[in-house]
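Chain letters run A, B, ... following the sequence lines, proteins first, then strands; residues in each count from 1.
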Amino acid sequence: MDEQTRLMHSHSGVGMAGHPGLPQHMQEGTGGSDGDGRKQDIGDILQQIMTITDQSLDEAQARKHALNCHRMKPALFNVLCEIKEKTVLSIRGAQEEEPPDPQLMRLDNMLLAEGVAGPEKGGGSAAAAAAAAASGGGSGPENSTEHSDYRTKLTQIRQIYHTELEKYEQACNEFTTHVMNLLREQSRTRPISPKEIERMVNIIHRKFSSIQMQLKQSTCEAVMILRSRFLDARRKRRNFNKQATEILNEYFYSHLSNPYPSEEAKEELGKKCAITVAQVSNWFGNKRIRYKKNIGGYPSPCYQSDRRIQ
DNA sequence: GTATATGATTGAAG
DNA sequence: CTTCAATCATATAC
């Protein structure tokens, strides 16, 4: 209650002349014979405040208590209020509301898409579906063990992510509470406005969310590595059968002047070879580049290998 | 074991 | 988007 009024001082009370809380000798502003004594007194108090951080904790605590009970304390407090009122404009420049960090949003979206963030079960199956989709169209049930392995590892990442996130959240709350208590405690000796507390809390939250961003960043990396380890089609590459290779080669060599099959031709070839259009495109891409690399030395027309000659 | 062949991926360029 | 070029990761030959 009393604290509340103290907190308000900074933006409600200017010019405290005649304040009922002030000691009598402060209210009559004439410098009497004890003027030097008073100056000395205030100087002592300020000196004590300045050196309080150099003292041990117990010592400081005792000193603070002594200061709080000092007869000059209310006067000093009011002076601080006034000084603050004059300087309060200077701290208003700080950015009040920054826009949401685009990188953070990107990370959040990705974690959500991978099923690391978001709801427990739904997230998992969504990730599995994404994995199935990424593994390259209808590849059949043959890789289900690999997928369950993938899911297990993803769940591990997910659990680590959530425990860490929770830990940071808790630490952030604890720290915020601590700082607020500290500020409240300090407001007994110096004026602290609610705005300042709010600013401090914002600073703390920003710091902690930057730590969380690092966590999200590394989680994303872990997921990407996992994906590339389990879902990269290169890992389970199979050669096309001889017949398919023959068909493709036949087309290639009979269109050697322009070995670029149209979309329809690719579909046709894909159908004949029982592979996808994308695979046909890959094959022709590889074939063209590897043929070109060899044609320079003209190795041996009998072998259709594209072996690089060096 | 190594060396080569080959399908897939990636990133730049058009 | 497609293609090229380099590269990866596996398959196959040796």
How close or far is atom [atom2] of [N] from atom [atom1] of [X], stated in whole angstroms?
| X | N | atom1 | atom2 | value |
| --- | --- | --- | --- | --- |
| A:Asn294 | B:dT6 | CG | P | 11 Å |
| A:Tyr260 | B:dG14 | OH | C1' | 13 Å |
| A:Arg237 | B:dG7 | CZ | C1' | 5 Å |
| A:Ile275 | B:dA8 | CD1 | C1' | 12 Å |
| A:Asn241 | C:dT12 | CG | C1' | 16 Å |
| A:Asn249 | B:dA5 | CG | C1' | 13 Å |
| A:Lys236 | B:dT9 | NZ | C1' | 13 Å |

**Asked** Can the ring centroids of A:Tyr291 and A:Phe284 be said to lie less than 6.0 angstrom from one another?
**Response** no

**Message:** I'd like to know if A:Asn239 reaches the base of B:dA5 with its side chain such that a donor and an acceptor end up less than 3.5 angstrom apart.
**Reply:** no

**Message:** Base of B:dT4, side chain of A:Arg290 - is there a donor-acceptor contact under 3.5 Å?
**Reply:** no

Tell me whether the OP1 or OP2 atom of [N] has a side-chain N or O from [X] closer than 4.0 Å.
| X | N | answer |
| --- | --- | --- |
| A:Lys293 | C:dA6 | yes |
| A:Lys287 | B:dA5 | no |
| A:Asn282 | B:dA8 | yes |
| A:Arg238 | C:dT10 | no |

**Prompt:** Which one of A:Val201, A:Asn181, A:Ile197 satisfies the side-chain contact (heavy atoms from CB on, under 4.5 Å) criterion with A:Thr176?
**Reply:** A:Val201

**Item:** Residue whose nearest DNA chain C nucleotide is more 5′ - A:Glu263 or A:Ile289
**Value:** A:Glu263

**Smallest separation among heavy atoms of A:Val223 and A:Val116, with atom names** = CG2-CG2, 3.7 Å

**Prompt:** What does A:Phe240 touch in the nucleic acid at a heavy-atom separation under 4.0 angstrom: a base, only the sugar-phosphate, or nothing?
**Reply:** sugar-phosphate

**Message:** Is it true that, when you exclude A:Phe208 itself, more than 12 heavy atoms of the residues, nucleotides or ligands shown sit nearer than 6.0 Å to its CZ?
**Reply:** yes

**Prompt:** Given side chains that start at C-beta, do those of A:Leu269 and A:Ile275 come closer than 4.5 Å, heavy atoms only?
**Reply:** no

